[in-house]
Number of protein chains: 2
Amino acid sequence: MFCSKACEYAIRSMIFLADQSQNDIVPISKLSQELEISFTFLTKVLQQLTEKGYLISYKGAKGGVCLGKAPEEISLDDIVQAVSGHNMKSICATGNPDCDGLHPCPLHDRWQPIQKMLGDFYKETNLENYKVSLIDKLIK
Amino acid sequence: MFCSKACEYAIRSMIFLADQSQNDIVPISKLSQELEISFTFLTKVLQQLTEKGYLISYKGAKGGVCLGKAPEEISLDDIVQAVSGHNMKSICATGNPDCDGLHPCPLHDRWQPIQKMLGDFYKETNLENYKVSLIDKLIK
DNA sequence: AAGAATAAAGACTAATTTGTCTTAAAATAA
DNA sequence: TTATTTTAAGACAAATTAGTCTTTATTCTT
């Protein structure tokens with residue numbers, strides 16, 4: 001809904017990898033089984049993350065992929081950006097690409113606080129803190 | 001991004017109609033010119049709103065469309081629902097269709113407050129109050 | 001060295017969304 | 001009545017996204 005399927009698959013895969021106790025090398029075939037995603041399609045999606053350095057891939061027997069950076073250095077926004085080419089920072093509720101403070105669409109003022117929360121969520125959520133609910137975060 | 005193009009066009013059209021001083025009949029050709037949307041495509045999109053009663057359409061010379069209900073009775077969620085067949089109430093950040101409190105995806109807890117704000121925004125924003133910013137609303 | 005396991009790459013297919021074209025039906029205006 | 005203006009409807013085309021298939025390159029195991 002928000003992202004493409006490719007983005008969703010990427011996010012799910014990265015979280016799965018972050019959940020491994022060590023930063024183990026996991027074959028894409030295993031990811032595809034565990035997450036119930038087509039193997040060949042997932043391979044293509046993850047290649048985009050490898051190109052950007054968010055994954056490291058190893059060919060050959062015992063090969064696979066593992067995180068290319070520390071979990072706290074990979075945000076959801078990074079993943080979306082790498083796979084779909086855009087981020088979640090400036091989304092207009094009416095789909096007007098030129099909508100901004102100077103040329104606001106009719107929903108601009110009302111939409112803005114939501115937009116900000118969304119942008120922050122994707123930017124601030126990373127593979128280290130993704131489990132922490134925002135409510136817990138506020139309590140602390 | 002959030003909605004399909006069709007949804008965005010529908011929302012823009014409905015807001016344009018709500019902006020007319022009277023609930024005037026506006027030909028789709030005028031909507032398509034003002035909003036810079038393909039006429040034939042827009043016609044098909046708006047037909048879906050007519051079917052659900054959110055628009056009334058008039059054929060023939062001097063024909064066009066006008067709102068089918070009072071502006072405060074048409075929410076953004078209604079429009080999205082009519083055009084895309086789903087609403088904004090339960091969107092999982094990882095695209096898992098079965099994600100809920102009992103079977104949460106890894107992002108569930110963190111995503112939930114955002115999800116709620118989004119759902120509320122679409123439900124509570126209607127063609128009467130869409131101009132009022134949520135910040136103004138809180139101040140009142 | 002040979003075989004097996006794995007990612008990479010590219011061509012291809014399928015599904016969905018977006019958009020066009022044409023004709024018909026209805027209402028107004030002359 | 002006839003011409004004009006408009007929505008409705010359906011077939012079609014184009015673009016985008018999703019997914020498959022096949023081959024190659026690389027690495028490990030034996």
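We name chains A, B, ... by the order of the sequence lines, and we start the count at 1 in each one. Atom set for the values below is all heavy atoms of this structure, side chains included, hydrogens, waters and symmetry mates excluded.
- A close approach under 4.0 Å does occur between a side-chain nitrogen or oxygen of Y9(A) and OP1 or OP2 of dG19(D).
- The shortest side-chain heavy-atom distance between H108(B) and C99(B) falls under the 4.5 Å cut-off.
- Atom C1' of nucleotide dG19(C) and atom CD of E36(B) are separated by 17 Å, given to the nearest angstrom.
- The shortest side-chain heavy-atom distance between I91(B) and Q115(B) falls under the 4.5 Å cut-off.
- For S38(B), a side-chain nitrogen or oxygen approaches OP1 or OP2 of dT20(C) to under 4.0 Å.
- To the nearest angstrom, P of dT24(D) lies 18 Å from NZ of K44(A).
- Across all strands, F39(A) comes closer than 4.0 Å only to sugar-phosphate atoms, never to a base (heavy-atom distances).
- Distance L42(B) CG to dA8(D) C1': 14 Å, rounded to the nearest Å.
- Residues L55(A) and M14(A) form a side-chain contact, since some pair of their non-hydrogen atoms from C-beta on lies under 4.5 Å apart.
- Listed candidates were dA8(C), dG19(D), dA5(C). Nearest to the side chain of A61(A) is dA5(C).
- Listed pair Q47(B) / dA9(D) meets the phosphate criterion, a side-chain N or O lying under 4.0 Å from OP1 or OP2.
- Between F41(B) atom CZ and dG10(D) atom C1' the separation is 15 Å, expressed in whole Å.
- Note on T50(A): every side-chain N or O is 4.0 Å or more away from OP1 and OP2 of dA7(C).
- Atom CD1 of I56(A) and atom C1' of dT26(D) are 17 Å apart (whole Å).
- One can place CD1 of I28(B) at 15 Å from P of dT20(C), the figure rounded to the nearest angstrom.
- The residue L46(B) sits apart from the nucleic acid: no heavy atom pair falls under 4.0 Å.
- Between Y130(B) and D19(B), the closest side-chain pair of non-hydrogen atoms falls below 4.5 Å.
- Atoms OG and CD, from S75(A) and E73(A) in turn, are 11.0 Å apart once rounded to the nearest 0.5 Å.
- Base engagement by T40(A) is indicated by at least one non-hydrogen atom pair under 4.0 Å involving a base atom.
- Place K59(A) and S57(B) on DNA chain D by their nearest nucleotides, and S57(B) ends up nearer the 5' end.
- At the phosphate of dC28(D), neither OP1 nor OP2 sits under 4.0 Å from any side-chain N or O atom of Y58(A).
- Distance NZ (K62(B)) to C1' (dA30(C)): 14 Å, rounded to an integer number of Å.
- Between the side chain of K5(B) and the base of dG19(C), no donor-acceptor pair under 3.5 Å is found.
- Distance L31(A) CG to dA7(C) P: 9 Å, rounded to the nearest Å.
- Of the candidates dA18(D), dT18(C), dA8(D), the closest approach to any side-chain atom of S4(B) belongs to dT18(C).
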